[in-house]
Amino acid sequence: MKRERVVLAYSGGLDTSVAIHWLREKYGLDVVAVCVDLGQGRELKEVERKAWKLGCVDVTVEDAREVFCDEFVSAAIRANALYEGQYPLSTALARPLIARCCVLAARRVKAGFVAHGSTGKGNDQVRFDVSFASLAPDLKVIAPVREWDMTRGKEIEYAKKHGIPVPVDIDRPYSADMNLWGKSTECGVLEDPWRAPPRDAYDWVRPVEDAPDRPESIEINFKQGVPCGLNGKPVKLINIIEKLNALGAKHGVGFVDMMENRLVGIKSRETYEAPGATIIITAHRDIESLTLTRDLHHFKRIAEERFSELIYDGLWYTQLREALDAFFRRSQRDVEGTVRVRLFKGRCLVVGRKSGRSLYDEGLATYDAGDVFDHSAAAGFIHVWGLPHATVSRVERKRRKKG
């Protein structure tokens, strides 16, 4: 009798490698592995070979880097998406796309189940489960790591017992996820919030003390709020991110060490390496300050925070996320120009900006000769601006006198 199939979002790491054996052993399912290339920085052919070796009946490797950049990362850039003002949402942005790839694979192989390697107290379980429910509510979701409730150490022991090769060890039991937009690292010694991240927690960004002693500058060109070139030359977004990742990492830019409020209600110490994202969002915010009106600029900051929370909370495929994305697209109509940033010892500083859509008027801003601002209008404006507050004050004084 033909066995039922389950499509597993497979990364080649500890959790999903162990999950292949567990799904076959506990559920009696044939496992179809889906490996999605989002710019992990490693050869996925080896991941594919590993999936076959572990007993999968079908393995698909999908290059989704362009889609990731053009559909997901671009939206995050337009929204300056940073969860709690720090995390560029690299992993959170990837999960809805991986889920979509898994659903398409499930339809292709006629699978009734989808699975992922998320734990029972992480955020990714929510992102996967909600994305699956939004895209294909008929598919049943299995989360092996969540169900077996193993510690990290026991999981490693299970892998060794069953001859499953994994890229971690008890002495360095980090859990990591990486794509073009950034890398996350947790577990191990990082679970002590007081302890500084050791050098082996840095995989991408160079520690600041090892960064070059001379700064380096680069110009980023924007069109409709999205990077479109470097130093005046047209470059595809995916290549811009790759270039800035390398350049930023070299100068120690983009390492984040934060106490994060997880969706499941606990605090977690997380470290992120996101040099390209850090540089791009810093530059994008600056070009917006030059081209957006005051009201739009201020209101957009409010919408950005909510948009970032939606991505973090696994609510990509929702009406609110889509509506906010439409707002951001419209807000970026005039966001174009060039920003020059200087990278030095872990810092990304904007040192220049220009735009043909600039709202800056030197004649209005200058305090030197050539000032065209009508200073005489200021007193009347301030009187009208403060009138409601002056009125409240007079009323309060009268009330106190009567009292």
Side-chain angles (χ1 to χ4, degrees), residues 3-38 40-61 91 94-95 98-99 101-102 105 111 113-125 127-129 141-179 183-192 198 200-201 203 268-271:
R3 301 207 306 180
E4 288 193 88
R5 291 185 166 190
V6 56
V7 170
L8 170 67
Y10 184 63
S11 67
L14 172 64
D15 296 329
T16 54
S17 293
V18 170
I20 293 174
H21 188 278
W22 197 83
L23 286 165
R24 295 170 61 215
E25 180 183 61
K26 181 174 176 62
Y27 281 92
L29 295 169
D30 283 338
V31 182
V32 175
V34 173
C35 315
V36 184
D37 185 359
L38 300 176
Q40 290 90 324
R42 60 176 174 167
E43 178 55 63
L44 287 188
K45 282 295 181 183
E46 179 57 36
V47 175
E48 181 182 4
R49 283 193 289 268
K50 184 176 178 180
W52 284 113
K53 185 177 180 180
L54 291 174
C56 291
V57 298
D58 189 295
V59 182
T60 298
V61 176
T91 297
R95 295 313 185 231
I98 295 172
C101 293
C102 287
F113 301 85
V114 284
H116 57 80
S118 306
T119 68
K121 62 180 179 181
N123 298 304
D124 278 344
Q125 59 176 333
R127 296 164 185 156
F128 275 121
D129 285 13
V141 181
I142 304 175
V145 181
R146 182 171 64 197
E147 291 185 29
W148 67 38
D149 195 28
M150 285 187 184
T151 64
R152 194 94 177 138
K154 288 182 178 178
E155 203 177 340
I156 294 172
E157 291 174 8
Y158 180 92
K160 290 181 177 179
K161 177 183 176 182
H162 294 281
I164 301 170
V166 291
V168 297
D169 200 275
I170 296 291
D171 296 329
R172 193 179 184 272
Y174 297 129
S175 176
D177 182 80
M178 184 173 178
N179 59 51
K183 177 182 182 292
S184 64
T185 306
E186 60 183 12
C187 298
V189 297
L190 295 174
E191 291 178 353
D192 179 358
D200 67 357
D203 281 336
S268 175
R269 198 271 189 88
E270 306 282 344
T271 64

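Treat the numbers as computed from the prediction; the structure is a model and nothing was measured. FYI, side chains are in, hydrogens and waters are out, and symmetry mates aren't considered; it's all heavy atoms of this structure.
Side-chain N/O atoms of D15 and H116 include no donor and acceptor closer than 3.5 Å.
In this structure the side chain of R146 reaches within 4.5 angstrom of the side chain of D129, judged on heavy atoms. Residues F113 and L23 have side chains not in contact (no heavy-atom distance under 4.5 Å, counting atoms from C-beta outward). For the pair L8/V6, no side-chain contact is recorded, criterion being any heavy-atom separation below 4.5 Å from C-beta on. Counting heavy atoms from C-beta on, the side chains of D177 and R95 come closer than 4.5 Å. No side-chain heavy atom of Y27 sits under 4.5 Å from any side-chain heavy atom of E4. A heavy-atom distance below 4.5 Å is found between the side chains of R127 and T91. You'll find the side chain of Y10 reaches within 4.5 Å of the side chain of I20, heavy atoms only. For the pair H21 and Y158, the minimum side-chain heavy-atom distance is below 4.5 Å.
Across all non-hydrogen atoms, the minimal contact from V145 to G117 is CG2-O, 3.6 Å. Taking all atoms of both residues into account, the shortest heavy-atom contact from S118 to A143 is O-CB, 4.5 Å. Counting all heavy atoms, side chain and backbone alike, D37 lies closest to Q40 at OD1-OE1, 3.1 Å. Nearest heavy atoms, A159 versus V18: CB-CG2, 3.8 Å. A pairwise comparison of heavy atoms in V7 and A111 identifies CG2-CB, 3.9 Å as the closest pair.
Of the possible donor and acceptor atoms, one in the side chain of Q125 sits under 3.5 Å from a partner among the backbone N and O of G120. R269 contributes a side-chain N or O that, together with a main-chain N or O of L190, makes up a donor-acceptor pair within less than 3.5 Å. Judged purely by atom type and a 3.5 angstrom limit, R24 uses its side chain to pair as donor or acceptor with the backbone of L54. The backbone N or O of S11 lies less than 3.5 Å from a partner atom in the side chain of T16, making a donor-acceptor pair.
Distance check, rounded to the nearest 0.5 Å: CZ of R49 to CG of L44 gives 10.5 Å. One distance of note links CG of D124 with CD1 of I98; it measures 8.5 Å at 0.5 Å rounding. Distance check: M178 CE to T185 OG1 gives 9.5 Å after rounding to the nearest 0.5 Å. Considering CD of E48 and NZ of K53, their distance stands at 14.5 Å, rounded to 0.5 Å. Atom CD1 of residue I164 and atom CH2 of residue W22 lie 12.5 Å apart, to the nearest 0.5 angstrom. Note that the CG atom of N123 and the OG atom of S184 stand 10.5 Å from one another [nearest 0.5 Å].
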Take E157 and K160, measure what salt bridge (Lys or Arg N to Asp or Glu O under 4.0 Å) needs, and give me the verdict at the end. CA-CA 5 Å; E157 291 174 8; K160 290 181 177 179; over 6 Å; no
